[in-house]
Amino acid sequence: MTATRSELTARPNKRRGGEVAGGLAVAESRPQVVDGLLRGARCTACGHAIAQADAPWCPVCAGAVEPCGFRPVGTVWAATVVHLPVGRWRPPFALGYVDVEDGPRVLVHLRADPCPAGGARVAFTGTADGDLAQEGL
């Protein structure tokens, strides 16, 4: 993969989704909620769920995948409160992995006070910045 120069530093970085590399479009790696569904794919051979809709093949068995959508609702697998500023997010904010019902595990911005514990049910949506965030955050 060819690196580009960052706008903030002289260090090389990875290409961003939507750019073109070697004549092919770079896939968006971040999960997206579109029309109320988490865009994704499911393997036609082993049934593995993937949060990247443009995945070329299954990462588990290398089988063919077909696009599908998942309801943006699931169970918190693990969560933590972050006490350092990161990008546009100001502390404290929480991050958690959510096991989507009949779907993949995704990273979601959660409420920090109180932070949902493992096993809690949450609904999430996509933000204008391309993040996944708990409903009402």
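All values below come from the heavy atoms of this structure, side chains included, with hydrogens, waters and symmetry mates left out.
Between the side chain of T127 and the backbone N or O of L132 there is no donor-acceptor pair closer than 3.5 Å. At distances below 3.5 Å, not a single donor-acceptor pair connects side-chain atoms of E135 with backbone N or O atoms of A123. Proximity of a side-chain donor or acceptor of R42 to a complementary backbone N or O of G47 within less than 3.5 Å is detected.
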Let me see the working for V122 and V98 under side chain to side chain contact (heavy atoms under 4.5 Å, CB included), right down to the final yes or no.
CA-CA 8 Å; V122 296; V98 174; 3.8 Å; yes
Side chain to side chain contact (heavy atoms under 4.5 Å, CB included) between L107 and L95, worked out:
CA-CA 7 Å; L107 183 67; L95 292 171; 4.2 Å; yes
Show the numbers, then the answer: is there a salt bridge (Lys or Arg N to Asp or Glu O under 4.0 Å) between D102 and R71?
CA-CA 9 Å; D102 195 33; R71 285 186 49 235; over 6 Å; no
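Between R39 and D54, at least one side-chain nitrogen of the basic residue sits less than 4.0 Å from a carboxylate oxygen of the acidic one, meeting the salt-bridge criterion. Salt bridge R121/D99: absent, no basic N to carboxylate O contact under 4.0 Å.
Of all the heavy atoms in V33 and P72, the pair that sits closest is CG2-CB, 4.5 Å. Annotation for A49 and F70: closest pair CB-CZ, 3.9 Å, computed over non-hydrogen atoms. The shortest heavy-atom contact between W89 and D131 is NE1-OD2, 3.3 Å. Heavy atoms only, all atoms of each residue included: V108 and Q134 are closest at CG1-N, 3.7 Å. Nearest approach of L38 to P31, heavy atoms of both residues: CD1-CB, 3.8 Å. The heavy-atom pair separating A79 from C115 by the smallest distance is CB-SG, 3.7 Å.
For the pairing with I50, the side-chain contact (heavy atoms from CB on, under 4.5 Å) check across C43, P59, P104 returns one residue only, P59.
Hydrophobic cluster membership differs between Y97 and V73, with clusters built from Ile, Leu, Val, Met, Phe, Trp and Tyr side chains linked at under 4.5 angstrom.
Within the 4.5 Å cutoff, side-chain heavy atoms of V106 are placed close to those of V100.
In this structure, F93 and H109 have tilted ring planes: the angle between them lies in the 30° to 60° band.
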